[in-house]
Amino acid sequence: VVDVKEESDTKEIPPCMLLKSDGASLYTTTDLATIVERMKLFQPDEILYVVDKRQELHFIQVFRCARKTGLLKPETKLSFLGFGTMNGKDGKPFKTRDGGVMQLSELLDSVTACSYEKLKSSDNIAEADKKAAAEKIGIAAVKFGDLINHYSKDYVFDTDKFMASEGKTGVYLLYTVARINSILRKTDINCGKVKLQGIYSESERELLLKIALSGSAFINAFYEKAPNIVCENAYQIAVAFSKFYHENHIISEKDEKKKASWLALCVITKEMLLKHLDTLAIETVDVM
């Protein structure tokens, strides 16, 4: 037993138990052994623990015990990133209809089926490609729906909300990329060679600012270890593009210089959205 309480504690911190009287080890034992192995193999500058936030006390004990017993270098940082729970509409941890805990495979099958139902009537996607597209869209919905929330927050899993084509959803972002693809396919200009040649509307300025400030969003997400910042920035770019798209008739524009500049902005927007989505491990689809 290792006493790990400190004078500055505002609440009771129990001792860290390493061995039970019957000789059995505990989670603290194996977590400390893992620290020993990681220091031996990797000599890390920092170790991140992404675990249910209800385990915070356990890791306070483990971290303090590791330092008190000299298992790691003084400069090695141990960080606890406690995540919240995914709950059903009743506010309780998400379960199946029969009351059991839902497996990830069941969850993905559910959103894929929902996505496929929506794609059934679409003429934009070949019938043979609909199932693969539905899987990508469903997985995008789940990933984005999870990551848009700060990792420490509990949230409600609502399939209808996650699968919505409007709002802060993965489906909305995929739809925005597909819309840009549609615009680029309909033009006879070589989109790979077009360049920005000016700013012709306020909506363009807003979109360009969102894109230009994306670097700060990535930096903040890195230092705060919060992917929700990347999600929010991607959504803001998509909203700004939607406004730009609705206010300007890109394909039918008669001024070739203006049209070329707008197409360049479409290309840049798509590339930036793809960078955000790739960072979030979300695949896109060409059409929806």
Side-chain angles (χ1 to χ4, degrees), residues 4 6 8-11 13 16 27-28 30-67 71-87 93-94 104 107 139-157 162 167-170 172-174 210-239 271-284:
V4 293
E6 297 177 354
S8 59
D9 290 336
T10 57
K11 61 181 180 180
I13 304 296
C16 182
Y27 283 125
T28 49
T30 52
D31 281 330
L32 288 165
T34 303
I35 290 175
V36 171
E37 183 180 44
R38 286 172 175 162
M39 293 306 299
K40 179 181 177 181
L41 297 177
F42 308 114
Q43 290 293 307
D45 297 314
E46 182 176 12
I47 306 175
L48 308 178
Y49 289 80
V50 186
V51 189
D52 189 319
K53 65 183 179 183
R54 292 171 290 187
Q55 299 298 318
E56 183 175 13
L57 176 59
H58 166 78
F59 283 100
I60 288 175
Q61 294 172 300
V62 169
F63 293 172
R64 289 184 180 183
C65 185
R67 295 206 179 279
L71 299 184
L72 69 167
K73 297 181 295 183
E75 63 270 23
T76 299
K77 188 176 180 181
L78 299 174
S79 299
F80 175 74
L81 305 180
F83 59 77
T85 56
M86 182 175 74
N87 302 324
F94 199 54
L104 178 59
L107 176 60
I139 291 175
V142 172
K143 284 185 176 180
F144 192 85
D146 184 63
L147 295 173
I148 189 64
N149 303 282
H150 190 273
Y151 61 79
S152 64
K153 303 294 183 183
D154 297 342
Y155 70 90
V156 174
F157 182 88
F162 278 27
K168 293 182 182 180
T169 68
Y172 177 63
L173 290 179
L174 264 57
K210 295 290 184 186
I211 292 171
L213 294 173
S214 290
S216 296
F218 276 85
I219 290 170
N220 290 338
F222 174 80
Y223 282 111
E224 295 184 30
K225 301 177 179 67
N228 63 293
I229 296 174
V230 176
C231 292
E232 179 65 33
N233 198 68
Y235 171 71
Q236 293 299 332
I237 290 174
V239 169
E271 289 176 351
M272 188 56 72
L273 286 175
L274 290 178
K275 179 63 68 176
H276 281 69
L277 292 169
D278 182 59
T279 301
L280 299 169
I282 292 176
E283 292 185 75
T284 60

For Glu46 and Ser79, run side chain to side chain contact (heavy atoms under 4.5 Å, CB included): C-alpha distance rounded to whole Å, both residues' side-chain angles, the deciding distance at 0.1 Å, then the answer. CA-CA 7 Å; Glu46 182 176 12; Ser79 299; 2.7 Å; yes
Check your understanding: Going through the checks in order, is the side chain to side chain contact (heavy atoms under 4.5 Å, CB included) test met by Cys65 and Thr28?
Key -> CA-CA 9 Å; Cys65 185; Thr28 49; over 6 Å; no
Query raised in the report: Does Asn228 reach the side chain of Asn149, with side-chain heavy atoms less than 4.5 Å apart?
Result: no
### Query
Run the side chain to side chain contact (heavy atoms under 4.5 Å, CB included) check on Val239 and Lys210 step by step: do they pass?
CA-CA 10 Å; Val239 169; Lys210 295 290 184 186; over 6 Å; no
Rounded to the nearest 0.5 Å, the CG atom of Asp9 sits from the CD1 atom of Ile60 at a distance of 8.0 Å
>> When you compare the side chain of Met86 with that of Leu107, does any pair of heavy atoms fall below 4.5 Å?
In response: yes
### Query
Taking Lys143 for the side chain and Leu280 for the main chain, is one N or O donor matched with an acceptor at less than 3.5 Å?
no
* Asked: Is Thr169 close to Phe162 at the side-chain level, that is, under 4.5 Å between some pair of heavy atoms?
  -> no
Checklist entry - Which of parallel (below 30°), tilted (30 to 60°) and perpendicular (above 60°) describes His58 and Tyr27? => result perpendicular
Handout entry: Test item: Ile148 and Glu232 side chains (from C-beta on) under 4.5 Å apart, heavy atoms
Key = yes
*asked:* The test is side chain to side chain contact (heavy atoms under 4.5 Å, CB included); show your working for Leu72 and Ile47 and say whether it passes.
replied: CA-CA 11 Å; Leu72 69 167; Ile47 306 175; 5.6 Å; no
The single option from Val142, Leu173, Ile139, Leu174 that satisfies side chain to side chain contact (heavy atoms under 4.5 Å, CB included) with Ile282 is Leu174
Interatomic distance, CG@Asp146 vs OH@Tyr155, rounded to 0.5 Å, equals 3.5 Å
NZ (Lys168) and CD (Gln236) are apart, to the nearest 0.5 Å, by 6.5 Å
With sequence neighbours left out, the residues meeting side-chain hydrogen bond (donor to acceptor under 3.5 Å, both in side chains) with Asn233 are Ser214, His276
Rounded to the nearest 0.5 Å, the OG1 atom of Thr34 sits from the CG atom of Leu41 at a distance of 11.0 Å
Arg54 meets the side-chain hydrogen bond (donor to acceptor under 3.5 Å, both in side chains) criterion, sequence neighbours left out, with Asp52
CZ of Arg67 to OG1 of Thr76, rounded to nearest 0.5 Å, is 7.0 Å
Next item on the list: Kindly indicate whether the side chain of Val50, heavy atoms from C-beta on, has any atom under 4.5 Å from the side chain of Lys225.
Entry: no
Distance col, row Tyr235:OH vs Leu273:CG, nearest 0.5 angstrom, shows 13.0 Å
